[in-house]
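What follows is a set of notes on a single structure, which appears directly below.
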Number of protein chains: 2
Amino acid sequence: MIMARKQAKSRPETVRKRAEILHAAMEIFGAKGFASGTLAEIADQVDMTHAGVLHHFGSKTQLLLEVLDYRDQTDVADLVEQHIPGGLEMFRHLVRTAFANARRAGIVQAFAVLSGESVTDDHPAREYFQVRYRNLRSGIADAFAEVCAQHGVTEPDTITHASASILAVMDGLQVQWLLQPEAVELGPATEFAIEAIVAAVLSPQPRFVATPDPAR
Amino acid sequence: MIMARKQAKSRPETVRKRAEILHAAMEIFGAKGFASGTLAEIADQVDMTHAGVLHHFGSKTQLLLEVLDYRDQTDVADLVEQHIPGGLEMFRHLVRTAFANARRAGIVQAFAVLSGESVTDDHPAREYFQVRYRNLRSGIADAFAEVCAQHGVTEPDTITHASASILAVMDGLQVQWLLQPEAVELGPATEFAIEAIVAAVLSPQPRFVATPDPAR
DNA sequence: GTCTATAAGATGATAGAC
DNA sequence: GTCTATCATCTTATAGAC
C-alpha cells in the first residue's frame, strides 16, 4: 500500500527544501529514468550533496515514491481527483489534456519513462502505476456509463475495453511523439482516436476487421 | 545510422554462441531494462563470464544494438518485412498478433521496457525505435490507403493519425496488461480499438467529443 | 574463445563533525 | 540540516594467461 506520509511537524524552511528536492528528482528521474538517474545529479540541482538528499528521504527508492505521490497531490490537472468531469465532458477534458501536454514535454517524458520502467521486475513504482491505471480506467468507465445511459445500452465489456484503449492511445501517442515530434501531432491524433473510440461505443458500427474465425 | 554488421567469417560454433548470448541479453534487458540489466547476469545465463560476452560484442551498448537488429531479422512475425499483408488483411494481422502476444509476456515486456527507456536522454536504442515506429506507421498507412481507395476518399491527416493511433493503442494496452493481466484483456481490447479506428477512417462518423472551440 | 585478475569509476548508504 | 569522509558494492572494460 502506497501511503502519503505526512511530514507532521517541520520548519517551513525544511518543507520548502523537501519540495525543491522532489521537483528536481522528478526532473532527473523523468529525463534518465529511476535506474540511471542518480542522487548526486538531483542533489546538484538543489545545491546540496547527495548525503543531504538522503537525510530527507532515507533512500533513493523512498524518494521516488514520494515524488510520485507529490505529483498526484500537486498536479491540478489530475483526472480522478476532485473536479472529475462526467459524461462527454470527460472525453473533452482528455483531449484538452493532450493538447496541453504537447507543450509540456518534460512531464510527458517523465511519465512515459517511469511507466515503461515500472514494468520491469520488482520496480519500486510498479504498484503506483497499477493503482494509477486502475483509477484512471474506472474514471473513464464511469464517464462511459453515464453517456451510455443516455444513448442506449452497451455491453459492459465494450466499456472496459474502451476505457483501457483510451488510456492506451494517449500513452502510446506520447511515446511516439517524444521520439519524433515532427511525425506525430499529439493533440490532433489523440482527438481523432478518442473520437473514434467514443463513436464505436455509442453507435453500432459495421465491422471491418472481424473475421469469422481468427486463428487465436 | 543503425547497421547490421555481418559476422562475415566465423566458426559455426562461434556463431551459435553469439546467438545464445543475444537471446540471453534480450531476456535480461527485457526483464530489467538496459540500464539495470548487467553483463554478468547475461553471462551467467549462457555459462560464461562477463569478459567472455564482451569479447564477442565489445561493449554493452553494442550488445544492445545487436540484440535489437537480431530481433528484427529473427522475428518472423515482423510486420514491415517480406510478407506484409495489405489492406484489411493488415489489420486482421495486427489483431492476431495481439492475441498471440498475450501468450508471449516475455517479448511483450522487452519491447515495452526498452521502448519506454528509449525515450530517456541519449539512450542507445533511441534511433532504433524512431526508425521502427516510422516504418510501422508507414506500413499501416499504406494499408489504410489501399482500403480507402476502395471505400472512398479520406483526408491524408486522418490516415496519419489513425496509423499512429493503432500502434499507440497496441503499445499502451501492452503496458496496462503487463501491469495488471487480470484487468486488461490484451487480445479483445486491441481488437475493439483497431475496429473502432478503422471504422472511424472508413465511415463518416458523428462527432461526439468535438466542441466548437476547445481551449487550445 | 574463454578465463582470471585487475583496473577505474560510479553509486547508494552510513557515521560523525559542525 | 548539511557537509565531509568513508564504506561497500557493483559494473563496465582491459590485459594477459591458457
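Order of the sequence lines sets the chain letters (A, B, ...), proteins ahead of strands, with each chain counted from 1.
- Of the listed residues (A/Arg16, A/Arg11, A/Lys17), just one forms a side chain to side chain donor-acceptor pair (under 3.5 Å) with A/Glu13, and that residue is A/Arg16.
- Here D/dT14 presents its P atom at 13 Å from CD of B/Gln62, a figure rounded to the nearest Å.
- Straight-line distance from the CG atom of B/Leu54 to the P atom of D/dT12: 8 Å, rounded to whole Å.
- Counting to the nearest Å, the P atom of C/dT2 and the CG atom of B/Leu39 are 15 Å from each other.
- In this entry the distance linking CD of A/Glu41 with P of C/dA10 reads 12 Å, nearest Å.
- Looking at the side chain of B/Thr49, the nearest of the listed nucleotides C/dT14, C/dA13, C/dC3 is C/dC3.
- Between the NE2 atom of A/His93 and the CD1 atom of A/Ile140 there is a distance of 10.0 Å, given to the nearest 0.5 Å.
- Closest-nucleotide positions on DNA chain D for A/His50 and A/His55 were compared, and the one nearer the 5' end corresponds to A/His55.
- The side chain of A/Lys60 approaches C/dA13 more closely than any other nucleotide in the set C/dA13, D/dG1, C/dC3.
- The separation between B/Leu64 atom CG and D/dT12 atom P is 12 Å, rounded to whole Å.
- Nucleic acid contact for B/Thr38: sugar-phosphate only, since backbone atoms but no base atoms lie under 4.0 Å from a heavy atom of the residue.
- Minimum atom distance to the side chain of B/His56 is reached by C/dG1, of the listed C/dG1, D/dC3, C/dC3.
- Residue-environment remark: NZ (A/Lys60) exceeds the threshold of 12 foreign heavy atoms within 6.0 Å.
- With C/dC3, C/dG12, C/dG1 as the candidates, the nucleotide lying closest to the side chain of B/Thr14 is C/dG1.
- Following rounding to the nearest Å, A/Asp44 (CG) and D/dT2 (C1') show an atom-to-atom distance of 15 Å.
- Residue B/Arg11 places its side chain closer to C/dG1 than to any other of C/dT2, C/dG1, D/dA13.
- For the pair A/Glu89 and A/Arg96, the salt-bridge criterion is met [side-chain N within less than 4.0 Å of a carboxylate O].
- Remark: side-chain polar atoms of B/Glu66 are not paired, donor with acceptor, to backbone N or O of B/Phe57 under 3.5 angstrom.
- Rounded to an integer number of Å, the gap from A/Arg16 CZ to D/dT2 P is 12 Å.
- Spacing between atom CZ of B/Phe34 and atom C1' of D/dT11 amounts to 12 Å, rounded to whole angstrom units.
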